[in-house]
Amino acid sequence: MAVSWRFWFVLPMVVALGTVVLFPTVYLFWMSTQHWLVTDPERFFIGLDNFARLTGGADFWQSLRVTGAYLVLSTVLMLGLGMGLALTFARAGTGWMRAIVVMPLVIPPVVAGFTWRFLLNGEIGFLGAYLLPMAGLDLNPLAEPRAALVSVVIADVWSRTPFMFLIFLAALQSIPRDFYEAARMDGANPFHEFFFVTLPLLKGALFVAIMFRLVDAINTFELIYVMTRGGPGRATQILSIFGWRTAFQELDFGQAAALGVIMLAITLAGALLVFRRFVRGQVGAA
Amino acid sequence: MKASARLLTAAAMTLALPASASAQTEINIVAFAPGFAWADMFGVSGTEKTDKLRAFEEANDITVNIEFADEETARQKVLLDLVNQTGTYDLVMLGSDGAVQTFSYAGYLEPLDDLLATATDYFDPEAVYPQFLEANRVDGQLWALPYYSFGAGVIYRQDIFDKYGIEAFPATTAELEDVLATIKAGLEEDGMSDVYPLTMRGAPGEEPSLDLAGFVYAYAGYPAWFEGGATTPEEIRQTDARPIFTGDFRPGFEAFVEWSREYGPDGIATHTWVDMMNLYGAGQAVVLMPSAINGFAALGGTENEDVANHTAFAPSPKGPSGEPIQSFWTFSVGVSAFSENKEEAFRTLAFLTGEQAMQGFAETVGWPYSTFPSITNGEVLTAKWPAEMLSQIEASYEQANPHYFPYIPELNAFMERIGTAASEAISGSKTVDEALEELQAWAEERMERAGYYE
Amino acid sequence: MMSAPRRYDRALTAIRWGFLGAVMVFVVFPLIWLALASLKTRAASLEVPPRLIFTPSLEAYEKIVASGLVGAFANSFTIAVTNVILSLAIGVPAAYALARMRGAAQENLSFWVLSIRLAPLFAIILPLYVLFKGLGLLDTRLAVAMAHLTLTLPLSVWLLMTYFRAMPVDLDEAAMLDGARPWQTLYMVIVPIARPMIASVAVIVFIFSWNEFLLAFFLTSRDAQTVPVVVAGLAGTMSFDWPLIAAISICSMVPALIFVGFAQRHIVEGLASGAVK
């Protein structure tokens with residue numbers, strides 16, 4: 001009996017997701033084993049050749065490095081900023097300030113990308129051509145390989161931090177006040193409070209935030225594409241842009257699918273790791 | 001429960017509502033640049049049909065639906081449609097620098113030679129510059145008709161040339177290098193740090209490749225991609241021609257990279273044609289080449305009077321081989337092999353690329369390029385542009401070798417790789433040699449896998 | 001005895017407001033720049049240094065009205081609202097059930113839901129296209145809504161599940177003891193309490209769907225185009241129209257902002273009543 005209602009509650013979700021997801025997943029795996037060049041009328045099974053070629057080439061590893069750097073940098077900044085904002089707004093700030101902080105979230109990433117590209121443009125951009133040189137920083141933020149990576153991270157942080165902020169804020173709001181009062185009675189300072197009261201209780205939210213950041217970062221596409229097209233050269237070519245190029249520019253569907261499978265494997269492994277670490281403990285405690 | 005079920009069904013139906021059916025034949029077309037492409041047909045916004053188009057629709061019992069998207073992304077849409085044989089689009093936007101070659105070899109396009117005779121009232125193949133048709137001919141067959149198209153040329157600032165005592169635009173690349181150095185020194189002396197001697201495009205991807213291929217052609221004197229200058233799959237197979245990106249391809253590639261680094265704007269390694277256009281239009285670049293068309297696009301939008309009043313045109317300079325730097329391209333449109341109404345589609349295509357349409361293009365956009373000699377020398381353009389310039393532009397078509405890069409099915413992938421290699425070398429993350437060696441290795445593998453050398 | 005916390009408090013307050021000020025500048029600056037650009041002419045929008053005082057021009061906004069982009073707004077709105085409804089209608093019971101499950105089944109199922117979002121989009125575009133082509137749904141709002149649901153449903157399930165799990169079990173046990181059925185417990189006891197969280201999830205789902213570009217781009221061609229798709233289409237055109245892009249961006253924020261504003265009331269309400277204890 002107890003099982004049955006849970007089963008019925010979960011069923012629509014399983015059906016809704018399963019029907020849309022099952023076919024593409026199977027299809028993706030099948031594609032990854034095919035010699036499938038759009039330019040070649042013949043399509044046939046080649047086993048793991050696509051994977052071997054991919055991991056044997058420099059492009060994949062280069063993109064993996066860029067993705068790693070991008071992921072770490074953006075996650076750290078976003079979590080820090082989002083958490084800082086949530087903590088701040090729990091004690092200070094006004095309603096309209098909060099509304100403003102959330103605003104970038106409602107701007108489509110493709111627009112955010114354009115906005116930052118024009119702000120940072122080294123010849124006509126307000127920041128890149130005017131403010132930065134005035135501040136004595138003589139580098140082109142979009143065309144110098146390292147600066148370009150930082151630039152896309154900044155744009156991404158601008159665009160996605162509000163999401164982190166909302167998650168943390170919602171979680172903070174569910175922490176009862178008495179917890180803090182009790183801590184204060186024990187003579188805890190604000191830092192103790194944060195590390196021993198807030199953080200442990202935000203574990204669930206933190207997990208969700210990291211998880212969805214991981215997913216978002218892996219699938220970030222249009223923001224970087226409109227800002228730098230993955231350039232200069234391959235300096236900001238994260239895996240999703242590499243995959244896009246492989247599939248839709250180089251017309252190598254088989255290899256792109258293989259990349260998709262590898263990415264899926266990597267993110268699954270990463271997610272499982274985080275999942276084990278956060279959720280297992282939590283379930284046990286609950 | 002019943003009411004909510006009905007509501008859901010109704011909601012689902014609204015969501016899935018198909019386009020309104022019509023008795024007329026519907027021809028769907030996907031293109032880019034609304035308000036520019038066929039502005040005389042679909043209006044400035046790209047969504048209102050003009051009387052001219054309506055007249056065509058009525059006369060032929062055809063409804064023309066157009067969908068606009070960004071250029072590069074529109075191509076991916078065409079690709080998905082063709083690969084899956086969906087047939088959503090009867091007419092597909094192509095381009096003579098990859099799509100025509102790739103899709104025709106893949107069997108996704110309808111050959112047009114036999115259809116040409118069916119719509120000569122709209123499109124007379126005899127009346128077009130032959131090079132623009134040639135550019136869309138692959139393996140001896142015609143696959144697409146050219147809409148706006150252009151040849152190589154240079155746009156430059158006469159006032160700045162005068163200021164530094166340069167009398168005429170140089171005729172060779174060697175002389176041009178000296179001139180660019182003079183301008184650079186002059187600009188530095190005058191403290192004009194936000195004006196650059198040259199603007200080209202160096203974004204990763206296919207963006208720089210058309211122009212870069214033009215440099216390679218001018219420096220090597222032939223399409224130096226494969227041994228012996230092989231440009232077709234048959235030639236490559238028969239002569240077992242290997243890629244030569246570290247060979248004769250190198251001088252042109254190196255010149256493109258060096259010029260970009262030395263004389264171009266700081267951000268050139270991520271610049272697309274939009275950036276080069278904006279830069280020139282804002283008066284921040286002295287020379288724009290070798291696709292002068294982007295300079296004319298800049299002139300159309302500029303409010304900078306110096307740019308508007310002191311821009312001059314010159315033919316593309318000749319490289320060490322004696323051949324001019326090429327930049328020859330047609331925005332061309334083909335008939336999908338999966339269209340259900342191929343004849344109507346072709347008729348529409350003939351109308352959209354025919355003399356009337358190009359006349360409309362000349363009137364609304366007014367660039368000095370046209371696919372028809374009658375329009376280049378017609379009232380509208382001769383009233384707007386100097387006669388000498390128009391004849392130089394015509395000469396650039398005659399000098400053009402539309403096949404200045406290979407016409408192979410893998411062209412898209414090559415263009416993509418070449419542009420990215422250039423961007424890497426320009427940004428300094430790789431040397432020219434490193435970038436070319438990587439390109440060479442990739443090319444050998446790709447050609448091998450495609451079965452060229454069996 | 002109270003002096004130490006008070007000193008901390010004062011320092012903290014200063015840090016808070018300083019931090020807030022810095023973030024506000026970072027957040028607001030591009031927005032203002034966007035708004036200004038939307039009121040300029042094309043050439044003026046590219047000037048360096050940019051002029052801050054200029055005669056505003058509504059040209060860009062007039063173009064939006066004239067060009068029938070309104071249809072794209074309607075599409076985006078329909079798709080986003082459909083997503084909100086479906087991901088809550090399906091997501092709330094599922095999240096609740098998952099929150100009240102234990103052991104391997106719970107772990108595997110919730111991880112499976114999450115893993116759906118891990119698929120790289122570029123790689124599933126082609127399979128999804130093939131699927132929707134087979135179903136005859138290409139270029140319909142339904143196709144986009146279904147595709148978006150694979151992104152928004154896992155999101156809402158996870159956010160809600162974490163939240164429900166933090167709620168004491170006594171509440172539902174008491175209700176069940178009173179003879180309430182599970183769905184009655186859910187809708188009469190749990191949902192009213194969780195309203196602020198559900199509102200936040202609705203906002204997030206709406207925004208995700210509203211902003212999504214890649215799937216919407218490939219699954220639509222003419223009838224069902226969404227706002228980001230239209231913006232991207234305008235961007236690369238021959239006559240690069242920065243004010244128009246800026247104006248569309250500003251307009252694209254409006255429906256989302258209204259929605260956020262509406263839902264925020266509930267978030268604040270929930271906060272004020274301190275419902276979750």
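Reckoned from all heavy atoms, side chains included, excluding hydrogens, waters and symmetry mates. Only a predicted model underlies this, so the values are computations on that prediction, with no experimental measurement involved. So that the names make sense, note that chain A is the first sequence line, chain B the second, and so on, each numbered from 1.
With rounding to the nearest 0.5 Å, the separation of CZ in A/F253 from CG in B/L79 is 4.5 Å. With values rounded to the nearest 0.5 angstrom, A/Q249 atom CD is found 5.0 Å from B/Q76 atom CD. Interatomic distance, A/R229 CZ to B/E207 CD, rounded to the nearest 0.5 Å: 5.0 Å.
Per-residue counts of heavy-atom pairs under 4.5 Å with chain A were compared for B/R75, B/Q101, B/E445, B/K430; the largest is that of B/E445. Between chain A and the residues B/A425, B/G205, B/A106, the largest count of heavy-atom pairs under 4.5 Å involves B/G205. Most heavy-atom pairs under 4.5 Å with chain B, from the set A/L142, A/D40, A/L139, A/D49: that is A/L142. Of the listed residues (B/S429, B/A413, B/G419), the one with the most heavy-atom contacts under 4.5 Å to chain A is B/A413. With chain A as the partner, the residue from B/L279, B/D275, B/L82 showing the most heavy-atom pairs under 4.5 Å is B/D275.
Closest approach of B/T270 to A/P232, counting heavy atoms only: CG2-N, 3.6 Å.
Annotation: salt bridge (Lys or Arg N to Asp or Glu O under 4.0 Å) contacts involving residues 234-246 of chain A, sequence neighbours excluded, comprise A/D59-A/R234, A/R234-B/E424, A/R234-B/E438, A/R245-B/E416.
Counting heavy atoms from C-beta outward, A/N121 and B/N278 have side chains that stay 4.5 Å or more apart. Within the 4.5 Å cutoff, the side chain of B/R449 has heavy atoms near those of the A/D252 side chain.
No more than 12 heavy atoms of other residues, nucleotides or ligands lie within 6.0 Å of CZ in A/R146, so this atom counts as exposed by the packing criterion. Heavy-atom contacts from other residues, nucleotides or ligands closer than 6.0 Å to CG of A/L11 number more than 12.
For residues 256-269 of chain B, the interface with chain A (any heavy-atom pair closer than 4.5 Å) comprises B/P265, B/D266, B/G267, B/A269, sorted by residue number.
For A/E222, no part sits under 4.5 Å from any heavy atom of chain B, backbone or side chain. Residue contact with chain B, scored on non-hydrogen atoms closer than 4.5 Å, involves the backbone of A/A247 exclusively. In this structure, no portion of B/I426 lies under 4.5 Å from any heavy atom of chain A. If you measure heavy-atom distances from B/Y196 to chain A, the contacts under 4.5 Å come from the side chain alone.
Using a distance-only test at 3.5 Å, with no hydrogens or angles considered, no donor-acceptor pair links the side chain of A/E123 to the main chain of B/Q284.
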